[in-house]
Amino acid sequence: MDTIKIEGSPKTPAVFFDAVAGHLEIKGRSIPENSIEFYKPLVDWLDAYASTAKPVTNVNVQLEYFNTSSSKCILDVFKKLESIHNGGSSQITINWHYEQDDEDMLEAGEDYQAIINVPFKMVEIEEE
Amino acid sequence: MLDIFDFYDKMERNNIMLSFKGNITSELLTSILQIMESKLSNMDETPAVKKKVYNVLVECLQNLYHHTDEMASQDPVQDENLSKRSAIFMIGKMDDQYRIITGNYMLKENIGILKGKIDHVNSLDKEQLKAYYKEVLNNGSMSAKGGGGLGIIDIARKSGQKLDYDFMEVNDIYSFFTLNINIANNKN
């Protein structure tokens, strides 16, 4: 299946979904006014990935900012991952990155961790 | 004649960093956010405070954007004297806190729902807000715009303070809604 490669913009994150490597990455900022438009293709891609998933899938989420409009869409992405994980076709880990001292971002990751039944790893990154 | 010095003086005394009145478009938000990001990067604050201010700013501005958009489409009277797509926004910095103020027209009939939402959010403590956020995130239905009613909860969570608001009657149909958010710049 096709790889998704989207460059980051001032309001949307860079996305790299590689089905062959089982590697998914969302990085940057996610603050568009209309998030559904941006995230729908990602959720659709995951639907297709479910049937061809690698035994192990690594998901890296490294967001600097995200708005509440995106938070719902990110949950939708995680819910798809949860259903793939629970279906047994791939062992998924979500690596949630947050900058040192960014307690709000850590807490946001913990909120998702509490809702989604997929192993989360909280990864602290050094400030630039 | 418009007293521009009076404007200037008021803004100066309130330490306004940026102020805007007019139609809220997506392009405008991109510009405002860019300006504020560069202004904040020059401020002597911890990265955590800068992020908090930026985050709350995004939510406040996007609330205005979605609201004024909805307002223009629902408007029962095409009253040329009231530009309902228009709103006002200000951000300033007083000694120990940042202040974000937004103002926009709204239909009186919609006040009850919004007031109920804000009052509910204001009645919750930190842990209850966190639980409420997760509940709405997980169960709340998403509006076509994708907001899903999380904005107000997120603003209250990130600012860590009660939301100060006011509805001022304009005429039989409209009120002017003001939201005043304070964000402490000290770590506590």
Side-chain angles (χ1 to χ4, degrees), chain A residues 8-13 28-43 62-80 82 97-118 120 124-128, chain B residues 24-34 37 41 46-66 69 126-127 129-155 157-160 183 187:
Chain A
S9 81
K11 283 185 178 167
T12 54
R29 50 186 61 192
S30 184
I31 54 169
E33 285 83 30
N34 184 347
S35 313
I36 299 178
E37 209 174 282
F38 183 82
Y39 282 92
K40 172 111 192 355
L42 308 187
V43 172
Q62 186 173 338
L63 291 169
E64 194 186 352
Y65 299 108
F66 69 94
N67 60 1
T68 53
S69 167
S70 300
S71 64
K72 207 101 193 172
C73 292
I74 294 168
L75 182 70
D76 288 341
V77 167
F78 288 170
K79 283 196 163 161
K80 282 279 170 242
E82 182 182 45
H97 296 70
Y98 65 99
E99 275 183 32
Q100 195 185 358
D101 292 338
D102 191 352
E103 282 167 32
D104 288 334
M105 194 52 81
L106 172 62
E107 208 171 323
E110 288 168 352
D111 288 348
Y112 285 119
Q113 190 174 22
I115 297 171
I116 299 294
N117 186 26
V118 171
F120 268 71
E124 186 182 285
I125 45 177
E126 299 275 321
E127 274 160 29
E128 290 162 29
Chain B
I24 307 291
T25 63
S26 177
E27 294 72 27
L28 176 84
L29 294 196
T30 308
S31 305
I32 289 181
L33 290 171
Q34 243 156 23
E37 192 172 18
S41 73
T46 62
V49 167
K50 288 177 188 175
K51 280 198 170 175
K52 222 180 245 295
V53 173
Y54 188 81
N55 259 309
V56 172
L57 192 62
V58 168
E59 291 304 324
C60 287
L61 291 174
Q62 293 188 341
N63 269 351
L64 283 184
Y65 172 82
H66 291 305
D69 190 39
K126 192 170 182 281
E127 284 309 307
L129 265 179
K130 187 183 170 77
Y132 185 48
Y133 178 91
K134 278 192 277 191
E135 183 192 322
V136 175
L137 174 65
N138 201 15
N139 304 325
S141 64
M142 196 144 174
S143 76
K145 307 269 167 48
L150 283 169
I152 290 285
I153 310 172
D154 191 58
I155 290 169
R157 261 184 105 182
K158 296 229 165 81
S159 72
I183 305 152
K187 293 199 91 181

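Numbered from 1 within each chain, the chains take letters A, B, ... in sequence-line order.
- Listed here is the closest heavy atom pair of A/K72 and B/L137: NZ-O, 2.9 Å.
- Annotation: side chain to side chain contact (heavy atoms under 4.5 Å, CB included) contacts of B/S31 (sequence neighbours excluded): none.
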### Message
Please determine whether side chain to side chain contact (heavy atoms under 4.5 Å, CB included) holds for the pair A/Y65 and B/V58, giving the CA-CA distance in whole Å, both sets of side-chain angles, and the decisive distance to 0.1 Å.
### Response
CA-CA 10 Å; A/Y65 299 108; B/V58 168; over 6 Å; no

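- Summarising the geometry of A/F66 relative to B/N55, their closest heavy-atom pair is O-OD1, 3.7 Å, with the distance given to 0.1 Å.
- Side-chain contact between B/L33 and A/P10: absent, with no pair of heavy atoms (C-beta onward) separated by less than 4.5 Å.
- Few gaps surround CD on A/E124; more than 12 heavy atoms of other groups in view lie less than 6.0 Å from it.
- The CG atom of B/N138 sits 11.0 Å away from atom CG of A/D111, with the distance rounded to the nearest 0.5 Å.
- Formation of a donor-acceptor pair under 3.5 Å by the B/K51 side chain with backbone atoms of A/M105 is not found in this model.
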### Query
Could you go step by step and tell me if B/K158 and A/D104 meet the salt bridge (Lys or Arg N to Asp or Glu O under 4.0 Å) rule?
CA-CA 7 Å; B/K158 296 229 165 81; A/D104 288 334; 5.5 Å; no

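- For a residue to count as touching a neighbouring chain, one of its non-hydrogen atoms must lie under 4.5 Å from one of that chain's; by this rule A/Y39 does not touch chain B.
- No side-chain heavy atom of B/Y133 sits under 4.5 Å from any side-chain heavy atom of A/E107.
- Of the listed residues (B/E59, B/E37, B/Q34), the one with the most heavy-atom contacts under 4.5 Å to chain A is B/E59.
- Taking both residues in full, the closest heavy atoms of B/K134 and A/A114 are given as NZ-CB, 3.8 Å, listed atom of the first, atom of the second, then distance.
- B/L61 is not listed as a side-chain neighbour of A/E33, based on a closest heavy-atom distance of 4.5 Å or more.
- Between the side chain of B/Q62 and the backbone N or O of A/I31 there is at least one donor-acceptor pair closer than 3.5 Å.
- With rounding to the nearest 0.5 angstrom, the CG atom of A/D102 is 8.5 Å from the NZ atom of B/K52.
- For A/T12, the side-chain hydrogen bond (donor to acceptor under 3.5 Å, both in side chains) partners are A/S9, not counting sequence neighbours.
- Between atom OG1 of residue A/T68 and atom CZ of residue B/R157 there is a gap of 12.0 Å, rounded to the nearest 0.5 Å.
- Looking at A/D101 and B/T46, their side chains never come closer than 4.5 Å, going by heavy atoms from C-beta outward.
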